[in-house]
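Below is one structure, written out as structure tokens; comments come after it.
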Amino acid sequence: MDTYGLGSIVVSIAGRDKGKLLVIIGIVDEAFVLVADGDLRKVEKPKKKKLKHIKATGKCDTELGDKLRKGIVVTNAEIKKILKLHEKEN
């Protein structure tokens, strides 16, 4: 599994969103990814984040990752649900 692949759940370690759980919904290049939380950072306007400013949790939602790879629209509610489930596990 790719640590910073589509659908990976990460934690922000820098910036205003420090400590917040996010989901990778896009890959810009080798240094940047697009993240969203479904609440403040919506799918329609994701945050461009440097890889060095996020930390992998080791968790990945494969269903969400497959949707993103296929170009299927992902909703903010789906992302919120995934992050809420992850918080309950920890």
When hydrophobic residues are tied together by side-chain contacts of less than 4.5 Å, even through go-betweens, does [X] share a cluster with [Y]?
X	Y	answer
Leu85	Val74	no
Leu22	Tyr4	yes
Leu40	Leu21	no
Val23	Ile13	no
Val11	Leu83	yes

*Side chain proximity check, Val10 to Lys55, heavy atoms < 4.5 angstrom*: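 Heavy-atom side-chain distance check fails, nothing below 4.5 Å.
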*If we only count heavy atoms from C-beta on, is the Leu34 to Ile27 side-chain gap below 4.5 Å?*
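A side-chain contact is absent here, since even the closest heavy-atom pair is not under 4.5 Å.
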I need the [X] [atom1] to [Y] [atom2] distance, nearest 0.5 Å.
X	Y	atom1	atom2	result
Asp66	Asp61	CG	CG	9.0 Å
Lys67	Thr75	NZ	OG1	6.5 Å
Lys50	Lys48	NZ	NZ	9.5 Å
Ile24	Leu68	CD1	CG	10.5 Å
Asp39	Lys84	CG	NZ	10.5 Å

*Decide side-chain contact (heavy atoms from CB on, under 4.5 Å) for Leu64 and Ile82; before the verdict, give the C-alpha distance in whole Å, the side-chain angles of both, and the deciding distance to 0.1 Å.*
CA-CA 9 Å; Leu64 181 71; Ile82 290 165; 3.7 Å; yes
Please report the shortest heavy-atom distance between [X] and [Y], naming the atom on each side.
X	Y	value
Val33	Ile54	CG2-CD1, 3.8 Å
Asn76	Val43	OD1-N, 2.7 Å
Thr62	Arg69	O-NH2, 4.5 Å
Ala36	Ile25	CB-CD1, 3.9 Å

*With sequence neighbours excluded, what pairs up with Glu89 under the salt bridge (Lys or Arg N to Asp or Glu O under 4.0 Å) test?*
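Checked Glu89 against salt bridge (Lys or Arg N to Asp or Glu O under 4.0 Å); matches are Lys59.
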_Checking side chain to side chain donor-acceptor pair (under 3.5 Å) between Ser12 and each of Arg41, Lys49, Lys18, which is the one that passes?_
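Running side chain to side chain donor-acceptor pair (under 3.5 Å) over Arg41, Lys49, Lys18 with Ser12 returns exactly one hit, Lys49.
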*Show the numbers, then the answer: is there a salt bridge (charged side-chain N to carboxylate O under 4.0 Å, His left out) between Lys42 and Asp37?*
CA-CA 6 Å; Lys42 307 250 185 222; Asp37 66 2; over 6 Å; no
